[in-house]
Amino acid sequence: MISESRFVPALGLANSHAQTLFPTLNRSKPWVATRGEWLTTPDGDQLGLMTPKPVVDDPARPLVLVLHGLEGSVSSPYVQGLMEALQKANFQVAVMHFRGCGGVPNKLPRAYHSGESGDPRWLAGVLKARYPSTPLMAVGYSLGGNVLLKWLGEDAGQSPLAAAVAVSAPMDLLASSKRIGKGLSRVYQRHLLNCLARSLRQKATDPALAMAMPDVADSRLFRDFATFDHAFTAPLHGFESGRDYYARASSKPLLASICQPTLIIHAKDDPFVSHSAIPTEAELSPSTTLELSAKGGHVGFVSGSIWRPSYYLESRIPAFLQQFR
């Protein structure tokens with residue numbers, strides 16, 4: 001089902017770029033304290049699990065697993081805001097750091113990508129074993145949203161999740177890689193590629209890892225996402241090419257297989273995501289609702305006013321999940 005969002009952009013922030021940038025500028029410092037745990041993956045790498053409070057096995061307090069966006073972390077403003085909102089609504093929260101995120105390099109040449117559903121699936125198994133009576137839900141933003149939708153579609157009726165929300169997910173990666181390379185969106189592309197370059201160069205200070213990766217000193221490989229994904233993402237993660245990666249990692253072809261109650265929140269003016277990436281009603285499963293708004297930018301959705309902003313996602317996401325606790 002496709003529904004029209006009730007989101008109204010803040011006065012003075014109707015522009016897609018203003019919506020996208022304002023939350024980071026307005027909430028530049030983390031305010032929710034968390035503790036971290038490092039979990040060893042089956043292939044000998046590590047995943048960070050961040051929690052604002054110790055998780056307990058409680059059937060009345062669902063645990064929400066949060067998947068951040070590209071080069072994000074528990075410190076990202078959208079994650080901080082959601083953690084605070086979910087705790088106020090009596091949910092428990094855990095944030096998964098994708099491999100190499102949060103300022104700590106991972107141990108293997110591979111890292112993470114937009115289709116990396118294996119790591120959250122494994123982590124969900126760990127959490128269900130620890131807290132068997134606690135309902136498990138998930139929220140994914142941007143890259144994490146595509147990962148979440150792909151995971152739900154792959155698992156279909158076998159998913160351990162009771163409900164899920166994906167925000168600003170680039171469900172068609174090829175189309176979205178072209179979109180972010182046009183106009184003012186190239187500014188975001190450059191920023192994200194610079195972040196990736198810093199992370200990879202930090203990781204390459206380990207000589208063994210440097211030998212197993214493409215040349216991180218070659219700035220040409222960070223020219224745009226198409227080049228980066230062909231040079232780094234594809235070979236390090238078992239894809240034949242960048243095009244193969246985009247085809248196999250996109251969640252859009254799997255949306256019809258989702259069985260769990262799922263909400264996709266998306267703005268038509270998203271400067272990261274191509275219009276062609278937005279699914280039609282026929283491409284959605286009966287359990288999936290696509291909530292579309294004309295405005296909102298990328299993981300923005302700021303309402304109220306510049307002087308007194310409010311964050312729509314921090315009310316909409318808990319309200320949706322409340323229905324399935």
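In what follows, every heavy atom counts, from backbone to side chain, and hydrogens, waters and symmetry copies are set aside.
In terms of heavy-atom proximity, Leu313 sits nearest to Pro318 at O-CD, 3.8 Å. Residues Ala204 and Val216 come closest through the heavy atom pair CB-CG2, 3.7 Å. Pairing each heavy atom of Pro23 with each of Pro77, the nearest pair is O-CB, 4.0 Å. The heavy-atom pair separating Pro109 from Leu209 by the smallest distance is N-CD2, 3.6 Å. The two residues Ser305 and Arg308 have their closest heavy-atom pair at OG-N, 3.0 Å. Contact between Pro271 and Ser185 at its shortest, heavy atoms only, is O-OG, 2.6 Å.
Taking 4.5 Å as the limit, every side-chain heavy atom of Ile265 sits out of range of all side-chain heavy atoms of Leu290. Side-chain contact between Leu173 and Phe225: absent, with no pair of heavy atoms (C-beta onward) separated by less than 4.5 Å. No side-chain heavy atom of Leu65 sits under 4.5 Å from any side-chain heavy atom of Val93. Side-chain contact between Ile264 and Met171: present, with at least one pair of heavy atoms (C-beta onward) separated by less than 4.5 Å.
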- Query: Are Arg121 and Glu154 close enough, and set up right, to give a salt bridge (Lys or Arg N to Asp or Glu O under 4.0 Å), and what steps lead you there?
  - Reply: CA-CA 10 Å; Arg121 179 183 291 112; Glu154 290 168 340; 2.7 Å; yes

- Query: side-chain contact (heavy atoms from CB on, under 4.5 Å) between Leu82 and Val139: does it pass, once the steps are laid out?
  - Reply: CA-CA 9 Å; Leu82 182 65; Val139 177; 3.8 Å; yes

- Query: Which is it for Gln202 and Ser199 under the side-chain hydrogen bond (donor to acceptor under 3.5 Å, both in side chains) test, yes or no, and what are the steps along the way?
  - Reply: CA-CA 5 Å; Gln202 181 185 7; Ser199 296; 5.5 Å; no

- Message: Working note: Tyr112 + Leu143, criterion side-chain contact (heavy atoms from CB on, under 4.5 Å); need CA distance, chi angles, decisive distance, verdict.
- Response: CA-CA 10 Å; Tyr112 71 106; Leu143 173 147; 3.9 Å; yes

- Given Lys128 and Leu136, is the side-chain contact (heavy atoms from CB on, under 4.5 Å) satisfied, shown in steps? CA-CA 7 Å; Lys128 290 299 292 183; Leu136 182 63; 3.9 Å; yes

- Evaluate side-chain contact (heavy atoms from CB on, under 4.5 Å) for Lys53 paired with Gln92, printing each intermediate quantity in order. CA-CA 8 Å; Lys53 292 182 179 179; Gln92 303 185 82; over 6 Å; no

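In this structure, a donor-acceptor pair under 3.5 Å is present between the side chains of Thr233 and Asp229. Looking at Asn146 and Ser114, their side chains never bring a donor and an acceptor atom within 3.5 Å of each other. Neither side chain, Thr51 nor Thr34, offers a donor N or O lying under 3.5 Å from an acceptor on the other. With 3.5 Å as the limit, one finds a donor-acceptor pair spanning the side chains of Asn194 and Arg190. A donor and an acceptor atom, one from each side chain of Ser16 and Gln19, are nowhere located under 3.5 Å apart. Side-chain polar atoms of Asp57 and Thr134 form a donor-acceptor pair below 3.5 angstrom. Using modelled atom types, one finds a donor on one side chain and an acceptor on the other under 3.5 Å when comparing His298 with Ser142.
Scanning for ring-ring contact (aromatic ring centres under 6.0 Å, His included) contacts around Phe222 gives Phe228, Phe232, with sequence neighbours left out. The side chain to side chain donor-acceptor pair (under 3.5 Å) test applied to Ser241 returns no partner, not counting sequence neighbours. Among residues two or more places apart in sequence or in another chain, the ring-ring contact (aromatic ring centres under 6.0 Å, His included) test is passed with Tyr245 by His113, Phe239.
Looking at Lys88 and Glu314, no side-chain N of the basic residue comes within less than 4.0 Å of a carboxylate O on the acidic one, giving no salt bridge. Between Arg99 and Glu71 no salt bridge is recorded (no basic side-chain N to carboxylate O distance below 4.0 Å). Ion pair Glu37/Arg130 flagged as a salt bridge, since at least one NZ, NE, NH1 or NH2 atom sits closer than 4.0 Å to an Asp/Glu carboxylate oxygen.
Listed by first and then second residue, the ring-ring contact (aromatic ring centres under 6.0 Å, His included) pairs involving residues 167-213 are His17-Tyr188, Tyr188-Phe272 (not counting sequence neighbours). For residues 137-157, the ring-ring contact (aromatic ring centres under 6.0 Å, His included) pairs, not counting sequence neighbours, are Tyr78-Tyr141.
Hydrophobic clustering, defined by side-chain heavy atoms of Ile, Leu, Val, Met, Phe, Trp and Tyr closer than 4.5 Å, groups Tyr311 together with Leu13, Phe22, Val302, Ile306, Trp307.
Rounded to the nearest 0.5 angstrom, Phe98 CZ and Leu47 CG are separated by 9.0 Å. Note that OG1 of Thr262 and CG of Leu149 are 7.0 Å apart. Values are rounded to the nearest 0.5 Å. To the nearest 0.5 Å, atom CG of residue Leu174 and atom CZ of residue Arg179 are 14.5 Å apart. In this structure, CG in Asp43 is found 11.0 Å from NZ in Lys107, a value given to the nearest 0.5 Å. Atoms CZ and CG, on Phe7 and Leu292 in that order, are 13.5 Å from each other to the nearest 0.5 Å. Note: Met213 CE to Asp215 CG = 9.5 Å, rounded to the nearest 0.5 Å.
In this structure, Glu291 contributes its side chain and Ser3 its backbone to no donor-acceptor pair below 3.5 Å. Of the possible polar contacts, one joining the Asn15 side chain to the Ala18 backbone as a donor-acceptor pair under 3.5 Å is found. Between the side chain of Ser287 and the backbone N or O of Gln260 there is at least one donor-acceptor pair closer than 3.5 Å. When atom types are taken as modelled, the side chain of Lys295 and the backbone of Pro9 share no donor-acceptor pair closer than 3.5 angstrom. A distance-only check finds no donor-acceptor pair linking the side chain of His68 to the backbone of Ser76 [under 3.5 Å]. At least one donor-acceptor pair closer than 3.5 Å links the side chain of Gln80 to the backbone N or O of Val74. No donor-acceptor pair under 3.5 Å is formed between the side chain of Thr288 and the backbone N or O of Leu284. Between the Arg186 side chain and the Gly183 main chain, a donor and an acceptor come within less than 3.5 Å of each other. At distances below 3.5 Å, at least one donor-acceptor pair connects side-chain atoms of His230 with backbone N or O atoms of Gly242. Of the possible donor and acceptor atoms, one in the side chain of His237 sits under 3.5 Å from a partner among the backbone N and O of Ala111.
For Gln323, the CD atom counts as densely surrounded, since its 6.0 Å shell holds more than 12 non-hydrogen atoms of other residues, nucleotides or ligands. At most 12 non-hydrogen atoms from other residues, nucleotides or ligands lie less than 6.0 angstrom from CD of Glu4. Counting non-hydrogen atoms of neighbouring residues, nucleotides and ligands closer than 6.0 angstrom, the CD atom of Glu240 reaches no more than 12 such neighbours. Crowding of Arg27 atom CZ: a count of heavy atoms from other residues, nucleotides or ligands under 6.0 Å exceeding 12.
Judged by a 6.0 Å distance limit and a 45° cone about the ring axis, Arg325 is positioned over the six-membered ring of Phe91.
Between Ile317 and the options Leu263, Val167, Val66, Val64, a side-chain contact (heavy atoms from CB on, under 4.5 Å) holds for only Val167.
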